[in-house]
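Read through the structure below, which is laid out as structure tokens, and then see the notes.
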Amino acid sequence: MKKCHLAYLACGAALVSAGVGAVPAAAAHQTLVVRPGESIQKAVDAARAGDTVLVLAGIYHESVLIGTDRVTLRGVGARTVVRPAAVKTGKDANGCAKNGSGICVLGTKKKNVEGVTVANLTVTGFTRAGVFGMATDRMTVRHVHAVDNGVWGIAQERSTRGVFRENVAERNGDAGVFLANTIKEEAGAYDAGRTLVEHNRLNDNRIGVTVRRLRNVNVQDNGIRGNCAGVFVVGDENTPKAGHLTVARNRVLENNKSCPKTERLPVLQGAGIVLTGVEQTRVTGNYVRGNAGRSPFSGGIVLFKSMVGATGDNNRVDGNMLSANAPADLVNTDTGKGNSFTRNSCRASKPAGLC
């Protein structure tokens, strides 16, 4: 392939079919089968819109770059394993490999790649992200095991209408699921078009789910346990402000690992659900138990004035069940206006009176 930059897919892929099995060309959509020892990338390069690349059980040492609309990359379950290449990436490696990620779905500056699905496989051991999407619309990631990757398990930037469902993200260096406008520049919140994160298992990462500088996202019905922080919803002083989000019906339990401070955040430990610098976000129906620590973010559900001084405004925390969180089940250190705490089942709050 020609050289590609990770930020955007700027070059076309050669149509290569060697080693790839396919149904007859007369079919409306092809299923291209990849067997152990064959190249997933070659099959992806040969795929047209609407095609499926089916990867059989085995270990595949490569990074995969997808830039064609409506391509489905599907394994046969956790026994389809994508790992880094066994040898150091050379000058001909694709942009995904050069960035240290496993599977990348990349659009361009002018056009989002649409309707790509990544499903039913394991991606592990990459220095950056297991699955990474940028400039995507309606990207779906489901039944993926993203385990032991250096930064993120599954990540998406500058994208809309994503669906992340029934994945397992464990032991990743930063977030199990990371959603953001962009990490390359300071910018206002991006409308993510009802991006959905649901029914995932997010354990033993730095943070279970991070939603950074976005609007219009639902994080719901996830199991989040054993991270340094469970859910982090982050905004700042840029406009439009982050918010208009929902965090609902998650089980957020014992996120008590201790993670060292970074350039952006102090030490993290014992943080259940944290809102910082966001507006008009609803946290409802969650079960939050046993999150305890000595970080500024510690507690069950925490409203925290952002590290750059941006306040949270008009956020609503209601109908949650909380117990055994410390320093308290509900914590509000924000100075913003219009934040409300109603109908929560809890025993202790800071300040008092929020339960």
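Note that this is a predicted model, so its numbers are computed, not measured. Sequential numbering from 1 along the given sequence is applied to the chain's residues. Quick note: numbers below take in every heavy atom, side chains included, and nothing from hydrogens, waters or symmetry partners.
Clustering ILVMFWY residues whenever any of their side-chain heavy atoms sit less than 4.5 angstrom apart, transitively, puts Val267 in a cluster other than the one holding Val331. Transitive grouping of hydrophobic side chains (ILVMFWY, heavy atoms separated by less than 4.5 Å) keeps Val81 and Val123 in distinct clusters. Criterion: ILVMFWY side-chain heavy atoms under 4.5 Å apart, direct or through other members. Under it, Leu54 and Leu121 are part of a common hydrophobic cluster. Under a hydrophobic-cluster definition in which Ile, Leu, Val, Met, Phe, Trp and Tyr are linked whenever side-chain heavy atoms come within less than 4.5 Å, directly or via other members, Leu196 and Tyr190 are assigned to different clusters. In the hydrophobic clustering of this structure, Val76 does not group with Val168; members are Ile, Leu, Val, Met, Phe, Trp, Tyr whose side-chain heavy atoms approach within less than 4.5 Å, directly or through other members.
Residues passing the ring-ring contact (aromatic ring centres under 6.0 Å, His included) test with Phe304, sequence neighbours excluded: Phe297. Judged as a salt bridge (charged side-chain N to carboxylate O under 4.0 Å, His left out), and not counting sequence neighbours, the contacts of Arg206 are Asp174. Every ring-ring contact (aromatic ring centres under 6.0 Å, His included) that Phe178 has, sequence neighbours left out, goes to Trp152.
For the side chain to side chain donor-acceptor pair (under 3.5 Å) with Asp313, the lone residue among Lys337, Lys241, Gln280 that qualifies is Lys241. Partner of Asn222 under the side chain to side chain donor-acceptor pair (under 3.5 Å) criterion, out of Asn286, Asn200, Asn167: Asn200 alone. Just one residue in the list Val283, Val233, Val234, Val302 forms a side chain to side chain contact (heavy atoms under 4.5 Å, CB included) with Val274, and that residue is Val302. When the options Arg161, Lys111, Arg194 are evaluated for a salt bridge (charged side-chain N to carboxylate O under 4.0 Å, His left out) with Asp137, the one that passes is Arg161.
For Arg171, the CZ atom counts as densely surrounded, since its 6.0 Å shell holds more than 12 non-hydrogen atoms of other residues, nucleotides or ligands.
Formation of a donor-acceptor pair under 3.5 Å by the Asn339 side chain with backbone atoms of Asn315 is found in this model. No side-chain donor-acceptor contact under 3.5 Å links Ser159 to the backbone of Gln156. Although no hydrogens or angles enter the test, the distance criterion places a donor-acceptor pair under 3.5 Å between the side chain of Thr195 and the main chain of Ala192. Asp334 places no side-chain N or O within 3.5 Å of a backbone atom of Asn332 that could act as its donor or acceptor partner.
To the nearest 0.5 Å, atoms CZ (Arg282) and CG (Leu275) are separated by 13.0 Å. Rounded to the nearest 0.5 angstrom, His244 NE2 and Arg215 CZ are separated by 4.0 Å. With values rounded to the nearest 0.5 angstrom, Leu245 atom CG is found 9.5 Å from Glu279 atom CD. The line from OG of Ser39 to CD of Glu62 is 4.5 Å long, rounded to the nearest 0.5 Å.
Sorted by first and then second residue, the salt bridge (Lys or Arg N to Asp or Glu O under 4.0 Å) pairs with a member in residues 295-312 form an empty list; sequence neighbours excluded. Applying the side chain to side chain donor-acceptor pair (under 3.5 Å) test to pairs two or more places apart or on separate chains, those with a residue in residues 340-355 are Asp318-Arg343, Asn320-Asn344. The list of disulfide bond (SG atoms under 2.5 Å apart) pairs with a residue in residues 172-207, not counting sequence neighbours, is empty.
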For this session: Starting from the C-alpha separation in whole Å, work towards a yes-or-no answer on side chain to side chain donor-acceptor pair (under 3.5 Å) for Arg128 and Asn99.
Result: CA-CA 7 Å; Arg128 196 159 176 82; Asn99 187 259; 3.2 Å; yes
For this session: Decide salt bridge (Lys or Arg N to Asp or Glu O under 4.0 Å) for Arg289 and Glu254; before the verdict, give the C-alpha distance in whole Å, the side-chain angles of both, and the deciding distance to 0.1 Å.
Result: CA-CA 6 Å; Arg289 188 194 73 209; Glu254 300 170 355; 3.5 Å; yes
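Here the shortest heavy-atom pairing between Thr276 and Ser306 reads OG1-CA, 3.0 Å. Closest non-hydrogen pair, Ser101 versus Phe132, comes out as OG-CB, 4.4 Å.
A donor-acceptor pair shorter than 3.5 Å can be found between the side chains of Gln41 and Asn94. His199 and Glu166 are not linked by any side-chain donor-acceptor pair at a separation below 3.5 angstrom, with hydrogens and angles left out of the test. In the model, Asn238 has a side-chain atom that pairs as donor or acceptor with a side-chain atom of Asp236 under 3.5 Å.
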